[in-house]
Amino acid sequence: TSEGKKSPMNEKRNSSLINKESSAPVPVQGSCHFFNDESETASIRQNLLMWYDRCKRDLPWRRLAESEPDLNRRAYVVWVSEIMLQQTQVATVIDYYNRWMQKWPTFHALA
């Protein structure tokens, strides 16, 4: 559609998702689920965390963060991984990350 014009298809779709009186989202059959039951939320959270503990990848920054008692260094090792992971895939980052941490293991060393 052109700038400034509303598509009739989008307008129809969007109007079915908004409650006209309160502007609150209205659930559409099959499109989403609202978690209103605290026990359901707690169960999903627990199951997700158990799955993560079983299935997480063994990555060097996770090992360092888990074993590092110094919160500043822990933040640094995670920050370095996050910056590197914005640029490329995990498999490519691992070798660069390991070399980086050998050369500059702390903020102080990097400065």
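Remember, it's a predicted structure, so these values are computed and weren't measured experimentally. Below, each value reflects all heavy atoms present in this structure, side chains not excepted, and no hydrogens, waters or symmetry copies.
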**Message:** If the condition is ring-ring contact (aromatic ring centres under 6.0 Å, His included), which residues does Phe35 pass it with, not counting sequence neighbours?
**Reply:** His33
**Complete:** What one should report as the nearest heavy-atom pair of Ala65 and Val77 is N-CG2, 4.1 Å
**Prompt:** Out of curiosity, Ile44 CD1 to Trp51 CH2, how far, rounded to the nearest 0.5 Å?
**Reply:** 14.5 Å
**Prompt:** Is the closest side-chain heavy-atom distance between Tyr52 and Leu48 below 4.5 Å?
**Reply:** no
**Asked** Are Leu71 and Tyr76 close enough, and set up right, to give a side chain to side chain contact (heavy atoms under 4.5 Å, CB included), and what steps lead you there?
**Response** CA-CA 9 Å; Leu71 292 179; Tyr76 174 71; over 6 Å; no
**Asked** Which residue pairs pass the salt bridge (charged side-chain N to carboxylate O under 4.0 Å, His left out) test with at least one member in residues 97-108, sequence neighbours excluded?
**Response** Asp95-Arg99
**Straight-line distance of Thr41 OG1 to Gln46 CD, nearest 0.5 Å** = 13.0 Å
**Fill in**
In terms of heavy-atom contacts, Trp79 and Leu110 come closest through CZ3-CD2, 4.4 Å
**Fill in**
Closest heavy-atom pair, Tyr96 versus Met84, reported as atoms and distance to 0.1 Å, is O-CE, 4.0 Å
**Asked** Does Trp61 reach the side chain of Leu85, with side-chain heavy atoms less than 4.5 Å apart?
**Response** yes
**Request:** Sequence neighbours left out, what pairs pass salt bridge (charged side-chain N to carboxylate O under 4.0 Å, His left out) with at least one residue falling in residues 71-88?
**Result:** Glu68-Arg73
**Request:** Go through the steps to decide whether Leu64 and Tyr97 satisfy the test side chain to side chain contact (heavy atoms under 4.5 Å, CB included), and finish with yes or no.
**Result:** CA-CA 12 Å; Leu64 275 171; Tyr97 176 84; 3.5 Å; yes
**Request:** First locate atom CD of Gln86, then atom OG of Ser81, and finally report the distance between them rounded to the nearest 0.5 Å.
**Result:** 10.0 Å
**Item:** Test item: Ser67 side-chain N/O and Arg63 main-chain N/O as donor-acceptor pair under 3.5 Å
**Value:** yes
**Request:** Decide yes or no on side chain to side chain contact (heavy atoms under 4.5 Å, CB included) for Arg62 and Leu59, but give the supporting numbers first.
**Result:** CA-CA 5 Å; Arg62 288 184 181 155; Leu59 299 169; 3.9 Å; yes
**Message:** Here's a test for you: under side-chain contact (heavy atoms from CB on, under 4.5 Å), which of Thr88, Val93, Ile94, Thr92 qualifies with Val90?
**Reply:** Ile94
**Message:** Please check if the number of heavy atoms outside Phe107 that lie under 6.0 Å from its CZ is greater than 12.
**Reply:** yes
